[in-house]
Trainee: 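Quick one: this structure, given as structure tokens, is what I'll be asking you about.
For clarity, every value in this text was computed on a predicted model and none was experimentally measured.
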Amino acid sequence: MVDPRRILEQAAERRVACEILPRPGGWASGQLLRVERGGVVVHAPDLRLGGGEDVRCWFSFDGVSYTFEASVIRAGVPVPDRSQHGFLLGFLDGWATGEAPPVHTSPKAEGLDLLVLPPNGPGVSLLAGPARLLEVSVDGVTFTLPKDHTLVFLEGGSTRLRFVAPGEPVQEVDARVATLVPGDACLIYTVTVSGVQDPEPHRRVIAVLQRAIEAAAGHL
């Protein structure tokens with residue numbers, strides 16, 4: 001029989017990434033930190049929650065995805081980076097396995113997205129905050145994430161990129177973090193593509209993304 005608490009304890013030991021959905025609101029990225037007597041502590045710097053609010057959580061651990069519902073017992077829980085963006089979630093309910101990962105949609109154009117995929121957990125959209133896409137080409141992408149973002153991609157590490165555009169097949173390619181440069185309040189990543197199975201659809205998707213970046217820059 002599945003023991004949710006034990007799974008959460010093991011996932012928290014590895015600082016597994018998670019996704020959190022408040023009611024109402026959209027999915028936000030977080031991280032499982034530890035399991036306490038009263039519930040599970042998560043780090044979610046992009047959420048502003050208060051005690052008593054209900055949320056739904058998703059995470060993947062050892063190849064299996066899990067979801068559960070919980071209530072915020074306490075906000076402002078200290079976390080390892082010394083910020084106050086931790087939340088204690090209790091009253092776990094609706095535990096389920098095999099749920100598909102949450103879909104992050106792009107605010108720039110319907111059906112258009114570019115995601116960087118960590119080794120464990122759902123992808124991070126580079127077209128929706130807090131990420132900022134600076135440059136995209138057939139060879140790779142440059143983007144920023146806040147310094148306090150829960151996911152950090154290590155320089156030299158392997159990852160994957162997922163390109164999504166209307167009318168085109170989804171493109172997933174192997175990639176490598178070529179450079180990681182600290183900025184004033186963010187981390188600047190350059191990720192290079194290391195393998196494309198079908199070059200022509202890949203080029204078309206890149207062209208759509210480049211036009212979207214140019215259009216967004218024109219509105220600044």
Trainee: If only atom types and distance count, is the side chain of T192 paired as donor or acceptor with the main-chain N or O of G140 below 3.5 Å?
Mentor: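 Side chain of T192 to backbone of G140, a donor-acceptor pair under 3.5 Å: no, none is there.
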Trainee: Please find the pair of heavy atoms, one from S71 and one from D54, that lie closest to each other, and give the distance.
Mentor: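 Looks like OG-OD1, 2.7 Å.
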Trainee: Can you tell me how far apart CG (L114) and CZ (R162) are? Round to the nearest 0.5 Å.
Mentor: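 Those atoms lie 10.5 Å apart.
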Trainee: Could you grab the distance from atom CG of L126 to atom CG of L115, nearest 0.5 Å is fine?
Mentor: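 Answer rounded to 0.5 Å: 7.0 Å.
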Trainee: Any chain of hydrophobic side-chain contacts (each under 4.5 Å) joining L134 to V141?
Mentor: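 The answer is no; the residues belong to distinct hydrophobic clusters.
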Trainee: Classify the angle between the aromatic ring planes of F59 and F68 as parallel (below 30°), tilted (30 to 60°) or perpendicular (above 60°).
Mentor: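 It falls in the perpendicular class, over 60°.
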Trainee: Can you name the nearest heavy-atom pair linking G39 to L88, along with the distance?
Mentor: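 Nearest heavy atoms, G39 then L88: C-CD1, 3.7 Å.
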Trainee: Check whether any side-chain heavy atom of L8 lies under 4.5 Å from a side-chain heavy atom of Y66, and answer yes or no.
Mentor: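 They are not in side-chain contact.
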Trainee: What are the two closest non-hydrogen atoms of A131 and S125, and how far apart are they?
Mentor: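 Shortest heavy-atom contact: CB-O, 3.4 Å.
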Trainee: Can R211 and L112 be said to form a side chain to side chain contact (heavy atoms under 4.5 Å, CB included), step by step?
Mentor: CA-CA 11 Å; R211 288 195 294 270; L112 180 66; over 6 Å; no
Trainee: Sequence neighbours excluded, which residues qualify as salt bridge (charged side-chain N to carboxylate O under 4.0 Å, His left out) partners of E13?
Mentor: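 Partners of E13 under the salt bridge (charged side-chain N to carboxylate O under 4.0 Å, His left out) test: none.
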Trainee: R74: which residues meet the salt bridge (charged side-chain N to carboxylate O under 4.0 Å, His left out) condition with it, sequence neighbours left out?
Mentor: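 For R74, no residue satisfies salt bridge (charged side-chain N to carboxylate O under 4.0 Å, His left out) once neighbours in sequence are set aside.
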Trainee: Are side-chain heavy atoms of F163 and V173 found at a separation under 4.5 Å?
Mentor: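 Yes; the side chains approach each other to less than 4.5 Å.
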Trainee: Side chains of L127 and L133: does their closest heavy-atom pair fall under 4.5 Å?
Mentor: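 Answer yes - side chains close enough.
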Trainee: Supply the atom-to-atom distance L32 CG to I7 CD1, rounded to the nearest 0.5 angstrom.
Mentor: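 One gets 11.5 Å once the value is rounded to the nearest 0.5 Å.
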Trainee: Quick one: which of V77, I73, V72 gives a side-chain contact (heavy atoms from CB on, under 4.5 Å) with F87?
Mentor: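 It is V72; the other options fail the test.
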Trainee: Drop me the distance from H202's NE2 to E172's CD, to the nearest 0.5 angstrom.
Mentor: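 Interatomic distance, H202 NE2 to E172 CD, rounded to 0.5 Å: 12.5 Å.
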Trainee: Look up atom CZ in R56 and atom CD1 in I20, then write down how far apart they are to the nearest 0.5 Å.
Mentor: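 It comes to 13.0 Å.
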Trainee: Between the main-chain N or O of T190 and the side-chain N or O of T142, is there a donor-acceptor pair closer than 3.5 Å?
Mentor: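 Not a single qualifying donor-acceptor pair exists.
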Trainee: According to a hydrophobic-cluster definition based on side-chain heavy atoms being under 4.5 Å apart (Ile, Leu, Val, Met, Phe, Trp, Tyr only), do V177 and V138 belong together?
Mentor: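 They do share one cluster, since a chain of ILVMFWY contacts under 4.5 Å joins V177 to V138.
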Trainee: Measure from the side-chain N and O atoms of Q31 to the backbone N and O of H43, and report whether any donor-acceptor pair falls under 3.5 Å.
Mentor: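 Absent.
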Trainee: Do D3 and E9 make a side-chain contact, defined as non-hydrogen atoms from C-beta onward lying under 4.5 Å apart?
Mentor: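 No, their side chains stay 4.5 Å or more apart.
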Trainee: Out of curiosity, does V40 fall in the hydrophobic cluster containing W95 (side-chain heavy atoms, cut-off under 4.5 Å, transitive links)?
Mentor: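 W95 clusters together with V40.
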Trainee: So which atom in P22 and which in V55 form the shortest heavy-atom distance, rounded to 0.1 Å?
Mentor: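 In terms of heavy atoms, the two residues are closest at CA-CG1, 3.9 Å.
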Trainee: Are any of the side-chain heavy atoms of Y189 and V116 separated by less than 4.5 Å?
Mentor: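 Counting from C-beta outward, Y189 and V116 never come under 4.5 Å.
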Trainee: What pairs with V181 under side-chain contact (heavy atoms from CB on, under 4.5 Å), at least two apart in sequence or on another chain?
Mentor: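 side-chain contact (heavy atoms from CB on, under 4.5 Å) check on V181 returns I188.
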Trainee: With side chains defined as the heavy atoms from C-beta onward, is the minimum distance between V193 and Q171 less than 4.5 Å?
Mentor: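 When only atoms from C-beta onward are counted, Q171 and V193 do not touch, as no gap falls below 4.5 Å.
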Trainee: Can you name the closest pair of heavy atoms from L89 and C57 and give their distance?
Mentor: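 Taking every non-hydrogen atom into account, CD1-SG, 3.6 Å.
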Trainee: Do you know the tightest heavy-atom contact between V191 and A175?
Mentor: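 Closest heavy-atom pair between V191 and A175: CG1-CB, 3.5 Å.
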Trainee: If you measure from CG on L187 to CD on E155, what distance do you get to the nearest 0.5 Å?
Mentor: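 Rounded to the nearest 0.5 Å, the CG-CD separation comes to 11.0 Å.
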